Asks: 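Handing you this structure, nothing more for now.
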Amino acid sequence: MTLAHQGVQDVSDVSPLEAAVQAAVADTRQRAAIARALDEVLAATRCAVDDETRARWRAEARAARLEAIRHIGDLVAAFAAHAEANGVHVHAAKDAAEARAIVLGIARRRGAHLVAKSKSMATEEIRLNDAFAEAGIQVVETDLGEYVVQLAGEAPAHIVSPCIHKDRPAIAELFSREAGEPLASDTATLASFARRHLRDVFRRADMGVTGGNFLVAESGTVVLVSNEGNARMVSTIPPCHVAVVGIDKVVATWRDLGRILRVLALHSTGQKTTVYVSLVNRPRGRGDADGPEEVHVVLLDNGRSRIVGTPYEEVLLCIRCGACLDVCPVFRQTAGHAYLSPYSGPIGAVFTPLIAGIRQRPDLPFLSTLCGACYEACPVGIRLHEHLLRLRRDAVQAGRAWPGDRTLLRLLRFAFGGPHRYRLAARALSRLTARLPRWLPPPVAAWAQVRSLPRAHAVARGEGDDPRP
Amino acid sequence: MRVALFPTCVVELTAPGALAAARRVLARLGVAVDIPAGVVCCGQPAFNSGHWDLARPLARDLARALGGYDAVVLPSGSCATMCRTGLPELLPSGPALPPVYEFSEFLTDVLHLERPAGRYEARGLWLPSCHLARWLGRRDGAARLLAGIDGLVMHEPPHPNLCCGFGGTFAVHFPELSAAMADEKLREAEEVGADVIVGSDASCLVHLATRAAFREHPIAVLHIAELLDRAGVGA
């Protein structure tokens, strides 16, 4: 392979996504922290069970999720009926604004000043913390990773591990600022600081807000999965508990739930089961020692039911295990913030444009090499690589192609249209790349920013090579 | 059996050595191939970027030019994927392609070649073709082809999930990110002590070679057809 060198040419006019990706890639300390954390997670998830068991568990989990999404309307209705019969207040929110209004309405009615929150992607999706802040209500995130990113003024960088992008010294720095004294950066010191601080929040909170990993239709149960126990504190200690849950989280039966929880633990952290599985069925009853007086469930649609019945319906099978993020070669370099969406990684690049509309986020499906590692890792077998490809087509059809692509591809379509033009184009390219001009067209300049330019060769098919049909 | 060799535009224009090597290896194994005149490009760049209308005429030209052959062999996992999964979607009412095989697949599946003898001194890092492995579910063929080569030590990538960062237009949409991904692959080569990265996709290899050259990194790249040719397979 012959290579020619070319000086760097400035490529300006970057989009917000490009700028965010550039910033993430430039942060070498963050990249080192992510790589370390991902390698640990991947090692744990790979050796947890043998391949045969894994394959069987995945098939059973996929079947359970398919069953749920196939009957999503009926199952959500059944969940709501059972939950209400248990004394839970069930609210339907068609979009983010409605969901925020419902939660704020409950908080105002109860005169809440302090809200304790456990990790929840649905509340990130509806930007609930911003709404609380605007209403003058203090919110404290109680998942250790979420607490870290909240102190840093950031959003979570990973669906399961919010502070995956921070190393321990960075966390020690944040906690030291909060503590008003320097703290050592060992895990025990940091965890015990957070524990002391957060116990007080659990006791004083007027309201607890959680997401919900699953909704069991046959009993009206909200299922909360965690490793730190904070979700259980948030849903039992404050006098009012509000769970904000996407309607896609519904499952038909307890049997199905078991099959799904098994792969969730395995694929997110390599555990056989998470440390806590909390089952919220009803508010405190007479004779109960603890539990909230009021329990509310906000069933969030926000674009989900629009996906049902389309070729993208399969995306709703997602159980938010984060496995596709962990294996993604793009995510490994950028972490989640670069996606400019609470949902990052391959699932974020698919789910975000689906719920927001492709016109809102036509850029995200392009943040992928279509390598398919996500599909291979997905415990419920979502063909993420194919959905990314089809969403690109949708973006183009919606008039939101990646800028510059069409010009380049039209040129290619012309130059490669037939053997004659192809030979001429190849000859021209070989001359151009043998002695490069000073100005390079934008895609070539972008290539040359970080690489040498490859030398192009003229077409040299042999004499007997062109048998005319 | 009439076999067509589809050079693929990337190999023909940027890695003609791999094309010539593929041809020599096939000839030594007793397979004479034609390169039909009308064969140019499968349309993958436009297809993968969402411009299916611009991919369709190229795909149609290709399908017409390959009509009448019993099999098609091509030295690229991603173009093989385009031919097998993309073309039927782009051209639902035809013309249909003959059976299409990536080069190493053709050797293992059609010629039933197992552990061919040969000699080539190198420590290699295998670069799996993401398309071949994950879109087509074919992943062990190349290892079987290389296992019998004397003097060759091949290493599987330490991180089997990591793509090299080429990704077609991705390489120019996100140059810094694409380069960071290539750098990770170069680090893997250092980690296993490889002096050459061997793969079945010239596009990925050109991306890695040009990144390495830009950084003045000493690693070399080699298409699997070139390796088998230099090892004297079939001789």
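Being a predicted model, the structure only gives us computed values, none of them experimental. Chain identifiers are assigned alphabetically (A, B, ...) following the order of the sequence lines, protein sequences preceding nucleic acid strands; residue numbering begins at 1 within each chain.
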Asks: Between chain A and each of B:Ala220, B:Cys41, B:Cys9, B:Gly168, count heavy-atom pairs under 4.5 Å; write down the option with the most.
Replies: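 Highest number of pairs under 4.5 Å: B:Cys9.
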Asks: To the nearest 0.5 Å, what is the distance between CH2 (B:Trp135) and CG (A:Leu370)?
Replies: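 With rounding to 0.5 Å, CH2 (B:Trp135) is 5.5 Å from CG (A:Leu370).
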Asks: Report the distance from atom CG of B:Asn161 to atom SG of A:Cys324, rounding to the nearest 0.5 Å.
Replies: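 Those atoms lie 12.0 Å apart.
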Asks: For A:Val450, does its backbone N or O pair with a side-chain atom of B:Arg211 as donor and acceptor, under 3.5 Å?
Replies: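 It does hold such a pair.
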Asks: Does a donor on one side chain sit under 3.5 Å from an acceptor on the other, for A:Gln333 and B:Glu176?
Replies: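 Absent: no donor and acceptor within the cut-off.
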Asks: Using modelled atom types only, decide if a donor and an acceptor are shared between the side chain of A:Trp447 and the backbone of B:His207 within a distance under 3.5 Å.
Replies: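 Not at all, since once roles are kept as given, no pair shorter than 3.5 Å links the two residues.
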Asks: Under 4.5 Å from any heavy atom of chain B, what part of A:Asp394 do you find: side chain, backbone, both or neither?
Replies: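 Contact with chain B involves no heavy atom of A:Asp394 at all.
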Asks: Would you mind telling me which of A:Ala26, A:Ala456, A:Ala35, A:Ser368 has the largest number of heavy-atom pairs within less than 4.5 Å of chain B?
Replies: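 Ranked by contacts with chain B, first place is A:Ser368.
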Asks: So which part of A:Glu386 gets closer than 4.5 Å to some heavy atom of chain B, the side chain, the backbone, both or neither?
Replies: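 Looking at A:Glu386, backbone and side chain both touch chain B.
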Asks: Check B:His173 against A:Phe366 and note the closest heavy-atom contact, atom names and distance.
Replies: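 Residues B:His173 and A:Phe366, closest heavy atoms: CE1-CD2, 4.0 Å.
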Asks: Roughly how far, to the nearest 0.5 Å, is CZ of A:Arg410 from NE2 of B:His51?
Replies: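 Going from the NE2 atom of B:His51 to the CZ atom of A:Arg410 covers 10.5 Å.
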Asks: Between A:Val21 and chain B, which part of the residue has a heavy atom less than 4.5 Å away: side chain, backbone, both or neither?
Replies: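 Just the side chain, heavy atoms under 4.5 Å.
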Asks: Charged N to carboxylate O below 4.0 Å: is that the case for A:Glu376 and B:Arg139?
Replies: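 So A:Glu376 pairs with B:Arg139 through a salt bridge.
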Asks: Decide if atom CD of B:Glu190 counts as having more than 12 heavy atoms of other residues, nucleotides or ligands within a radius under 6.0 Å.
Replies: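 Check passes, neighbour count above 12.
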Asks: If every non-hydrogen atom of B:Met181 is compared with every non-hydrogen atom of A:Pro329, which pair is closest and at what distance?
Replies: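 Here B:Met181 and A:Pro329 meet closest at CE-CB, 3.6 Å.
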Asks: Find out whether A:Val330 and B:Phe170 are in side-chain contact, i.e. whether some heavy atom of one side chain is under 4.5 Å from a heavy atom of the other.
Replies: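 They are in contact (side-chain heavy atoms under 4.5 Å apart), so the answer is yes.
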Asks: By a 4.5 Å heavy-atom criterion (distance strictly below it), what part of A:Ala426 contacts chain B: side chain, backbone, both, or neither?
Replies: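 Both backbone and side chain of A:Ala426 come within 4.5 Å of chain B.
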Asks: Below 4.5 Å from any heavy atom of chain B, which atoms of A:Arg46 appear? Answer side chain, backbone, both or neither.
Replies: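 A:Arg46 touches chain B through side-chain heavy atoms alone.
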Asks: Over all heavy atoms of both residues, which pair between A:Cys371 and B:Arg134 is shortest? Give the atoms and the distance, please.
Replies: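 Shortest heavy-atom separation between A:Cys371 and B:Arg134 comes out as O-NH1, 2.8 Å.
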Asks: Can you tell me if A:Arg359 has over 12 outside heavy atoms packed within less than 6.0 Å of its CZ?
Replies: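 No, the 6.0 Å shell around CZ holds no more than 12 heavy atoms from other groups.
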Asks: Checking B:Leu58 against chain A: side chain, backbone, both or neither under 4.5 Å from a heavy atom?
Replies: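 Interface part for B:Leu58: side chain.
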Asks: Looking at side-chain heavy atoms only, is the closest gap between B:Leu13 and A:Tyr422 below 4.5 Å?
Replies: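 In contact.
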Asks: Please determine, among B:Thr85, B:Asn48, B:Leu162, the option with the most heavy-atom pairs under 4.5 Å with chain A.
Replies: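 Among B:Thr85, B:Asn48, B:Leu162, the one with the most close pairs to chain A is B:Asn48.
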Asks: Check whether any side-chain heavy atom of B:Leu62 lies under 4.5 Å from a side-chain heavy atom of A:Phe416, and answer yes or no.
Replies: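 Side chain of B:Leu62 against side chain of A:Phe416, heavy atoms only: no contact under 4.5 Å found.
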Asks: Which pair of non-hydrogen atoms, one from A:Leu409 and one from B:Ser49, has the smallest distance, and what is that distance?
Replies: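 Taking A:Leu409 first and B:Ser49 second, the nearest heavy atoms are CD1-CB, 3.8 Å.
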Asks: With a 4.5 Å cut-off on heavy-atom pairs, point out which of B:Gly68, B:Ala20, B:Pro175, B:Pro160 contacts chain A the most.
Replies: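 Most heavy-atom pairs within the cutoff with chain A belong to B:Pro175.
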Asks: Please give me the minimum heavy-atom distance between B:Ala171 and A:Arg451, naming the atom from each residue.
Replies: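 Scanning both residues, the minimum pair turns out to be O-NH2, 3.0 Å.
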Asks: Identify which of B:Ala182, B:Cys163, B:Gly167 forms the greatest number of heavy-atom pairs closer than 4.5 Å to chain A.
Replies: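 Looking at each option in turn, the highest pair count goes to B:Cys163.
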Asks: If I measure from the heavy atoms of chain B, does A:Ser430 come under 4.5 Å with its side chain, its backbone, both, or neither?
Replies: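 Interface part for A:Ser430: neither.
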Asks: Under 4.5 Å between any side-chain heavy atoms of B:Trp52 and A:Val396, yes or no?
Replies: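 They are not in side-chain contact.
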Asks: Could you have a look at B:Arg215, B:His131, B:Glu89, B:Glu12 and say which one has the most heavy-atom pairs with chain A under 4.5 angstrom?
Replies: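 Of the candidates given, the most pairs with chain A belong to B:Glu12.
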Asks: Given side chain to side chain contact (heavy atoms under 4.5 Å, CB included), test B:Thr169 with A:Trp402 step by step and report yes or no.
Replies: CA-CA 10 Å; B:Thr169 47; A:Trp402 190 276; over 6 Å; no
Asks: Report which part of B:His159 has an atom under 4.5 Å of a heavy atom belonging to chain A: side chain, backbone, both, or neither.
Replies: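 Side chain only.
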Asks: Any idea which of A:Arg383, A:Arg332, A:Arg31, A:Glu18 has the most non-hydrogen atom pairs under 4.5 angstrom with chain B?
Replies: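 Answer, by heavy-atom pair count under 4.5 Å with chain B: A:Arg332.
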Asks: At their closest point, which heavy atom of A:Leu453 faces which heavy atom of B:Thr210, and how far apart are they?
Replies: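 Heavy-atom minimum between the residues: C-CG2, 4.3 Å.
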Asks: So for B:Asp61, is it side chain, backbone, both, or neither that comes closer than 4.5 Å to the heavy atoms of chain A?
Replies: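 For B:Asp61, side-chain heavy atoms alone lie under 4.5 Å from chain A.
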Asks: Test side chain to side chain contact (heavy atoms under 4.5 Å, CB included) on A:His457 and B:Thr14; report intermediate values, then the result.
Replies: CA-CA 6 Å; A:His457 297 261; B:Thr14 69; 5.7 Å; no
Asks: Do the side chains of A:Arg406 and B:Asp53 get close enough for a salt bridge, i.e. N-O under 4.0 angstrom?
Replies: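 Counted as a salt bridge, because a side-chain N and a carboxylate O are separated by less than 4.0 Å.
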Asks: Out of A:Ala373, A:Gly418, A:Pro403, A:Ala425, which one racks up the most heavy-atom pairs below 4.5 Å with chain B?
Replies: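 Highest number of pairs under 4.5 Å: A:Ala373.
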Asks: So do B:Leu177 and A:Leu367 actually touch side chain to side chain, heavy atoms under 4.5 Å?
Replies: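 Of all side-chain heavy-atom pairs linking B:Leu177 with A:Leu367, at least one is under 4.5 Å.
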